[in-house]
Amino acid sequence: MKAFVTGLLLASTAIVATTSAAMAERTLRATVQVAVNHPIGANVVTFKEKLEEISGGEMSVEIYDSAQLFKGSEVPKAVASGAIDMGVVLADEYSGTLPAAGIFSVPFLFPTYEVLAKAADPEGDFRKAFDGMIGSTGTKVLWWQDYGPVQLLSKGEALTSPDQMKGKLVRALGKPSGDFIDAVGGTPVVIGGSEQFMAYQRGTVDVGMSGTTAVESRKLYEVMDHVTMTNHSLAEFIVVINNGLFDSLSDEEKAWVTEAAMTAEQSLRDETEANNVASAEWLADGRATVTELTPEQVTAWQEAAAPAVDVFVKDGGDLGKQLVDAVQALY
């Protein structure tokens, strides 16, 4: 009997210890629109692994990938409401309620990777203004995911002149990219990233718009055989967390999350340019016709798209102008 009681006490102690450990561990649930083998999804895995490492397992991350919980357009509200703790979202998805959030889709505003890197400086004017704006929605920016420049996709011919856009239905990422399409004579149709393939296959739009690596990873070259390297805007994703949840973290937990986020951000930024160049070369190797624009052709696109910049500043108000000025000061 004594042995039985002792065993029972030991078992009870083990259960209490296990329960305490489980209670001490905080699990963050993250929604991602792409698979974890996609650069954006893999970057969330980098965050997960780093957070679990530096917290000694006290914090963990559950990743729900491939839009199994929420589509991109649903992420801002889902995170703000607490329906999910964290989410990956294209910055443009906030532009419906915050016009200035579409800054990354303003045509030809970010001419080089170097300008974007400067804009991403956590201590810089642009970063502080942008992240503060997103914070007003109930979601806090943890880190940026630099996915690289956006290109135009088409069937049958390369789009080397803005005149070729007239009368065409064109995939838009949000309002600023829609304003760009309007400026060059096309008709914008907002289509989510995960919905592109079917839209192109069914002919929902005549012209596509996507990041270079997405053309490879989403196999868009199977339904769009021409990629014109306009580099006219950026596919910049942000990872956001519910404001209330972040505020509820201890100072130590906040430090862990912030360190893991910055590690993930820098990791992807270091890889982005090489990944985009590699994808362009891979596509050009018999999978699609990849067309580089001449300086004269780029100038023609810039001139045609100029009205879209004016629309952005008008719609974005003082904050929109502040962000444009902050970027241009980095040239």
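These numbers come from the heavy atoms of this one structure, side chains and all, not from hydrogens, waters or symmetry mates.
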Peer 1: Between Gln266 and Asp270, do the side chains contain a donor N or O and an acceptor N or O under 3.5 Å apart?
Peer 2: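 Yes - a donor-acceptor pair under 3.5 Å links their side chains.
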
Peer 1: Would you please classify the geometry between the Phe180 ring and the Trp301 ring as parallel, tilted or perpendicular, with 30° and 60° separating the classes?
Peer 2: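 Plane angle between 30° and 60°, so tilted.
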
Peer 1: Tell me whether Leu116 shares a hydrophobic cluster with Ile134, the cluster being built from Ile, Leu, Val, Met, Phe, Trp, Tyr side chains joined at under 4.5 Å.
Peer 2: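 Same hydrophobic cluster.
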
Peer 1: Tell me whether Thr31 contacts the main-chain N or O of Leu69 through its side chain, where contact means a donor paired with an acceptor under 3.5 Å.
Peer 2: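 It does not hold such a pair.
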
Peer 1: Given 3.5 Å as the limit, does a donor-acceptor pair link the side chain of Ser279 with the main chain of Asn276, or not?
Peer 2: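 Side chain of Ser279 to backbone of Asn276, a donor-acceptor pair under 3.5 Å: no, none is there.
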
Peer 1: With heavy-atom distances below 4.5 Å as the criterion, would you say the side chains of Val44 and Val36 are in contact?
Peer 2: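 Not touching, per the 4.5 Å side-chain cut-off.
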
Peer 1: Any donor-acceptor pair under 3.5 Å linking the side chain of Gln164 with the backbone of Glu157?
Peer 2: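 Not a single qualifying donor-acceptor pair exists.
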
Peer 1: Please report the interatomic distance CD1(Ile40) to CG(Asp65), rounded to the nearest 0.5 Å.
Peer 2: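 Answer for the CD1-CG pair, Ile40 versus Asp65, is 13.0 Å.
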
Peer 1: Side chains of Met59 and Leu28: closer than 4.5 Å at any heavy-atom pair?
Peer 2: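 Yes, close enough: below the 4.5 Å cut-off.
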
Peer 1: Do Leu109 and Gln328 make a side-chain contact, defined as non-hydrogen atoms from C-beta onward lying under 4.5 Å apart?
Peer 2: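 They are in contact (side-chain heavy atoms under 4.5 Å apart), so the answer is yes.
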
Peer 1: Between Ser81 (side chain only) and Ala83 (backbone N and O only), is there a donor and an acceptor less than 3.5 Å apart?
Peer 2: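 Here the side-chain-to-backbone pair exists.
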
Peer 1: Side chain of Glu281, backbone of Ala278: donor and acceptor closer than 3.5 Å?
Peer 2: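 A pair under 3.5 Å: no.
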
Peer 1: Strictly below 4.0 Å, N to O, side chains only: are Asp163 and Lys166 in salt-bridge contact?
Peer 2: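 Judged by the 4.0 Å cut-off on N to carboxylate O distance, Asp163 and Lys166 do form a salt bridge.
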
Peer 1: Does the side chain of Ile63 reach to within under 4.5 Å of the side chain of Val61, using non-hydrogen atoms?
Peer 2: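 They are in contact (side-chain heavy atoms under 4.5 Å apart), so the answer is yes.
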
Peer 1: Answer with yes or no whether the side chains of Ser267 and Thr46 bring together a donor and an acceptor at under 3.5 Å.
Peer 2: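 The answer is no; no qualifying pair exists.
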
Peer 1: Counting distance only, does the side-chain N/O of Thr258 pair as donor-acceptor with the main-chain N or O of Ala255 below 3.5 Å?
Peer 2: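 Absent.
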
Peer 1: Checking Asp179 now: which residues fulfil salt bridge (charged side-chain N to carboxylate O under 4.0 Å, His left out) with it, not counting sequence neighbours?
Peer 2: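 If we apply the salt bridge (charged side-chain N to carboxylate O under 4.0 Å, His left out) test to Asp179, skipping adjacent residues, the hits are Lys175.
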
Peer 1: What residues, two or more places apart in sequence or in another chain, satisfy side-chain hydrogen bond (donor to acceptor under 3.5 Å, both in side chains) together with Arg29?
Peer 2: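 Arg29: side-chain hydrogen bond (donor to acceptor under 3.5 Å, both in side chains) contacts with Asp85.
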
Peer 1: Find out whether Val89 and Tyr94 are in side-chain contact, i.e. whether some heavy atom of one side chain is under 4.5 Å from a heavy atom of the other.
Peer 2: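 SC-SC contact between Val89 and Tyr94 confirmed.
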
Peer 1: Regarding Lys71 and Glu195, does a basic nitrogen lie under 4.0 Å from an acidic carboxylate oxygen?
Peer 2: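 Between Glu195 and Lys71 there is a salt bridge, with a charged N closer than 4.0 Å to a carboxylate O.
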
Peer 1: So, Thr137 versus Thr139: side-chain donor-acceptor pair below 3.5 Å or not?
Peer 2: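 Indeed, the side chains of Thr137 and Thr139 share at least one donor-acceptor pair under 3.5 Å.
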
Peer 1: In the structure I gave you, are the side-chain heavy atoms of Asp325 and Gln322 within less than 4.5 Å of one another anywhere?
Peer 2: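 No. Closest side-chain heavy atoms not under 4.5 Å.
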
Peer 1: Pairing donors with acceptors under 3.5 angstrom, does anything connect the side chains of Tyr331 and Thr112?
Peer 2: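 On atom types as modelled, these side chains do not qualify, holding no pair under 3.5 Å.
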
Peer 1: Say you draw a straight line from CG of Asp146 to CD of Glu265; how long is it, rounded to the nearest 0.5 Å?
Peer 2: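 One gets 8.5 Å once the value is rounded to the nearest 0.5 Å.
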
Peer 1: So, the side chain of Arg171 versus the backbone of Gln196: is there a donor-acceptor pair under 3.5 Å, distance only?
Peer 2: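 No: the side chain of Arg171 does not pair with the backbone of Gln196.
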
Peer 1: Between Val115 and Leu330, which heavy-atom pair has the shortest distance, and what is it?
Peer 2: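 Shortest heavy-atom separation between Val115 and Leu330 comes out as O-CD1, 4.0 Å.
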
Peer 1: Shared ILVMFWY cluster between Val257 and Val88, side chains joined below 4.5 angstrom?
Peer 2: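 Per the 4.5 Å side-chain linkage, Val257 and Val88 are co-clustered.
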
Peer 1: Please confirm whether Phe130 and Phe104 have ring centers closer than 6.0 angstrom.
Peer 2: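 Centroid separation for Phe130 and Phe104: below 6.0 Å.
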
Peer 1: Could you please spell out the steps behind the side-chain hydrogen bond (donor to acceptor under 3.5 Å, both in side chains) verdict for Gln151 and Thr212?
Peer 2: CA-CA 6 Å; Gln151 321 300 353; Thr212 316; 3.0 Å; yes

Peer 1: Using only heavy-atom distances, determine whether the side chains of Ser73 and Glu93 contain a donor-acceptor pair under 3.5 Å.
Peer 2: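 Side-chain D/A pair, Ser73 to Glu93: absent.
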
Peer 1: Test of understanding: clusters of I, L, V, M, F, W, Y form through side-chain heavy atoms closer than 4.5 Å, transitively. Do Met86 and Ile54 belong to the same one?
Peer 2: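 Same cluster.
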
Peer 1: Nearest heavy-atom pair of Ala304 and Pro307: which atoms, and what distance?
Peer 2: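 Looking at all heavy atoms of both residues, the closest pair is O-CD, 3.3 Å.
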
Peer 1: Hydrophobic clusters here meaning ILVMFWY residues chained together by side-chain heavy-atom distances under 4.5 Å, can you tell me if Val223 and Val207 are in one?
Peer 2: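 Shared cluster, no.
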
Peer 1: Between Tyr221 and His226, does the ring centroid distance fall short of 6.0 Å?
Peer 2: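 Tyr221 vs His226: aromatic centres not under 6.0 Å.
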
Peer 1: To check you understand the geometry: which heavy-atom pair defines the closest contact between Gln33 and Leu90, and what is its length?
Peer 2: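 Closest approach of Gln33 to Leu90, heavy atoms only: NE2-N, 4.2 Å.
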
Peer 1: Can you tell me if Tyr147 and Thr213 form a side-chain donor-acceptor pair at under 3.5 Å?
Peer 2: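 The answer is yes; a qualifying pair exists.
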
Peer 1: Where is the tightest heavy-atom contact between Leu142 and Met262, given as atom of each residue plus distance?
Peer 2: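 The pair with the smallest heavy-atom distance is O-CE, 3.5 Å.
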
Peer 1: If you compare all heavy atoms of Pro149 against all heavy atoms of Tyr113, which two are closest, and at what distance to 0.1 Å?
Peer 2: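 Residues Pro149 and Tyr113, closest heavy atoms: CD-OH, 3.3 Å.
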
Peer 1: Let me confirm one number: the OG-CZ distance from Ser95 to Phe312, rounded to the nearest 0.5 Å.
Peer 2: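 Going from OG on Ser95 over to CZ on Phe312, the span is 9.0 Å.
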
Peer 1: Compute the ring centroids of Phe47 and Trp143, then answer whether they are less than 6.0 Å apart.
Peer 2: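 For Phe47 and Trp143, the ring centres are under 6.0 Å apart.
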
Peer 1: How about Leu245 and Ile241: do any of their side-chain heavy atoms sit closer than 4.5 Å?
Peer 2: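 Sidechains of Ile241 and Leu245: in contact.
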
Peer 1: Group every Ile, Leu, Val, Met, Phe, Trp and Tyr by side-chain heavy-atom contacts under 4.5 Å, then state whether Leu153 and Val189 land in the same group.
Peer 2: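 Yes; Val189 is reachable from Leu153 via cluster members.
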
Peer 1: What I want to check is whether the side chains of Ser55 and Glu253 have a donor and an acceptor closer together than 3.5 Å.
Peer 2: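 Per modelled atom types, Ser55 and Glu253 side chains form no pair under 3.5 Å.
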
Peer 1: Would you mind reporting whether Thr230 and Val150 have side-chain heavy atoms less than 4.5 Å apart?
Peer 2: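 SC-SC contact between Val150 and Thr230 ruled out.
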
Peer 1: Do you see a donor-acceptor pair shorter than 3.5 Å between the side chains of Ser105 and Asp92?
Peer 2: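 Present: a donor and an acceptor within the cut-off.
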
Peer 1: We want to know whether Ser60 and Glu25 form a side-chain donor-acceptor pair, criterion being a heavy-atom distance below 3.5 angstrom.
Peer 2: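 Yes, a side-chain donor-acceptor pair sits under 3.5 Å.
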
Peer 1: Salt bridge check, Arg26 against Glu58: does any charged N sit closer than 4.0 Å to a carboxylate O?
Peer 2: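 Result for this pair is no, no salt bridge flagged.
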
Peer 1: Spell out, as yes or no, whether a donor-acceptor pair under 3.5 Å connects the side chain of Asn242 to the backbone of Ala80.
Peer 2: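 Such a contact is found between Asn242 side chain and Ala80 backbone.
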
Peer 1: With rounding to the nearest 0.5 angstrom, report the CG to NZ distance, Asp131 to Lys140.
Peer 2: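 With rounding to 0.5 Å, CG (Asp131) is 7.5 Å from NZ (Lys140).
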
Peer 1: Can you pull out every salt bridge (Lys or Arg N to Asp or Glu O under 4.0 Å) where at least one residue sits in residues 45-55? Sequence neighbours excluded, please.
Peer 2: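 Every salt bridge (Lys or Arg N to Asp or Glu O under 4.0 Å) pair that includes a residue of residues 45-55, provided the two are not neighbours, is Lys48-Glu52.
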
Peer 1: Restricting to non-hydrogen atoms, name the atom on Val170 and the atom on Val205 that form the minimum distance, rounded to 0.1 Å.
Peer 2: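 So the two residues come closest at C-CG1, 4.1 Å.
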
Peer 1: Nearest 0.5 angstrom please: Met229 CE to Thr291 OG1, how far?
Peer 2: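 Answer for the CE-OG1 pair, Met229 versus Thr291, is 9.5 Å.
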
Peer 1: Looking at Lys118 and Glu114, does any basic side-chain N land under 4.0 Å from a carboxylate oxygen?
Peer 2: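 Glu114 and Lys118: not salt-bridged.
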
Peer 1: Could you check whether atom NZ of Lys219 has more than 12 heavy atoms from other residues, nucleotides or ligands sitting under 6.0 Å from it?
Peer 2: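 Count not over threshold, so no.
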
Peer 1: For the atom pair CZ (Arg269) and CD (Gln145), what is the distance rounded to the nearest 0.5 Å?
Peer 2: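 So the CZ of Arg269 and the CD of Gln145 are separated by 10.5 Å.
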
